[in-house]
K.L.:
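The structure that follows is given in the form of structure tokens.
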Amino acid sequence: MTNNDSKNIRAVELGKYIAENECTVRDAAKRFEMGKSTVHKDVTERLPILEPELFGRVRKILDYNLSVRHLRGGEATKQKCLDAHKND
């Protein structure tokens, strides 16, 4: 098996994981113990060529996650502040 074969297999596995679990790139990166940049590159550059239908499902999830990113960040900041005030 060549290096490209293993990357292609990895891209499809990542795509399936994201589609099945409707998770974020960070969640998939943590699960597969790799960087989020690697996951993003695999699912946005390799996956469309290998499995366009799966990529369509993954793209919808990535787009949704992007659209709510600011909300998640705000909640995380709010929780951080609440936790800091509890310790005062």
Side-chain angles (χ1 to χ4, degrees):
M1 180 180 335
T2 66
N3 194 22
N4 276 345
D5 290 341
S6 64
K7 288 180 181 179
N8 291 343
I9 291 168
R10 181 181 71 200
V12 172
E13 287 178 4
L14 286 165
K16 287 179 182 176
Y17 182 79
I18 291 171
E20 289 170 5
N21 297 290
E22 296 185 3
C23 67
T24 64
V25 168
R26 285 179 188 260
D27 292 336
K30 198 178 293 186
R31 164 66 175 81
F32 286 86
E33 297 179 349
M34 60 179 57
K36 64 184 179 71
S37 296
T38 304
V39 173
H40 192 268
K41 182 177 179 82
D42 282 353
V43 298
T44 59
E45 293 181 16
R46 290 189 175 95
L47 192 58
I49 297 164
L50 300 169
E51 293 206 24
E53 185 178 315
L54 177 59
F55 172 70
R57 294 184 2 232
V58 170
R59 182 80 257 170
K60 285 181 183 178
I61 294 165
L62 295 180
D63 289 344
Y64 171 76
N65 288 338
L66 181 62
S67 73
V68 298
R69 177 174 63 181
H70 66 288
L71 299 172
R72 289 180 180 156
E75 280 299 313
T77 302
K78 178 181 174 182
Q79 190 60 47
K80 184 178 177 182
C81 290
L82 290 173
D83 291 345
H85 288 294
K86 283 181 186 176
N87 296 329
D88 288 343

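Only heavy atoms go into these numbers, but all of them, side chains included; no hydrogens, no water, no symmetry mates.
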K.L.:
Atom OG1 of Thr44 and atom CZ of Arg46: how far apart are they, to the nearest 0.5 Å?
P.N.:
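Nearest 0.5 Å value for the OG1-CZ distance: 9.5 Å.
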K.L.:
Does Lys78 have any side-chain contact (heavy atoms from CB on, under 4.5 Å) partners at least two apart in sequence or in another chain, and if so, which?
P.N.:
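Testing Lys78 for side-chain contact (heavy atoms from CB on, under 4.5 Å), a comparison that skips the adjacent residues, returns Glu75, Leu82.
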K.L.:
Suppose the criterion is salt bridge (charged side-chain N to carboxylate O under 4.0 Å, His left out): which pairs have a residue in residues 11-30, not counting sequence neighbours?
P.N.:
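Matches after skipping sequence neighbours: none remain.
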K.L.:
What I'd like to find out is whether the side chain of Val58 reaches to under 4.5 Å of the side chain of Leu14, using heavy atoms alone.
P.N.:
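The answer is no, as the side chains (C-beta and beyond) never meet within the 4.5 Å cut-off.
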K.L.:
So, using side-chain contact (heavy atoms from CB on, under 4.5 Å) as the criterion, who are the partners of Arg57 when residues are at least two apart?
P.N.:
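Applying side-chain contact (heavy atoms from CB on, under 4.5 Å) to Arg57 gives Ala19, Leu54.
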K.L.:
Please name all residues satisfying side-chain contact (heavy atoms from CB on, under 4.5 Å) with Tyr17, sequence neighbours left out, ordered by chain then number.
P.N.:
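Once residues adjacent in sequence are excluded, the partners of Tyr17 under the side-chain contact (heavy atoms from CB on, under 4.5 Å) criterion are Asn21, Cys23, Ala28, Arg31, Phe32.
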K.L.:
Hey, are the side chains of Leu47 and Arg59 touching, using non-hydrogen atoms and a 4.5 Å cut-off?
P.N.:
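Sidechains of Arg59 and Leu47: no contact.
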K.L.:
What I'd like to find out is whether the side chain of Ile18 reaches to under 4.5 Å of the side chain of Val39, using heavy atoms alone.
P.N.:
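Sidechains of Val39 and Ile18: in contact.
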K.L.:
Can you list everything that forms a side chain to side chain donor-acceptor pair (under 3.5 Å) with Gln79? Sequence neighbours excluded, please.
P.N.:
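Asp83.
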K.L.:
Sequence neighbours excluded, which residues qualify as side-chain contact (heavy atoms from CB on, under 4.5 Å) partners of Asn4?
P.N.:
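With neighbours one apart ignored, the set is Thr2, Lys7.
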K.L.:
Holding to side chain to side chain donor-acceptor pair (under 3.5 Å), I want the full list of residues that pass it with Thr38, two or more places apart in sequence or in another chain.
P.N.:
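Counting only residues at least two positions away or on another chain, Thr38 forms no side chain to side chain donor-acceptor pair (under 3.5 Å).
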K.L.:
Can you name the side chain to side chain donor-acceptor pair (under 3.5 Å) partners of Asn8, sequence neighbours left out?
P.N.:
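Applying side chain to side chain donor-acceptor pair (under 3.5 Å) to Asn8 gives none.
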K.L.:
Write out all pairs satisfying ring pair (Phe, Tyr, Trp, His ring centres under 6.0 Å) with one or both partners inside residues 34-68, taking only residues at least two apart or from two chains.
P.N.:
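Output for this query is empty, none listed.
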K.L.:
Can you tell if the side chain of Val25 reaches within under 4.5 Å of the side chain of Asn65, non-hydrogen atoms only?
P.N.:
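When only atoms from C-beta onward are counted, Asn65 and Val25 do not touch, as no gap falls below 4.5 Å.
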K.L.:
Not counting sequence neighbours, which residues clear side chain to side chain donor-acceptor pair (under 3.5 Å) with Lys41? List them please.
P.N.:
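For Lys41 the side chain to side chain donor-acceptor pair (under 3.5 Å) partners, ignoring immediate neighbours, are Glu45.
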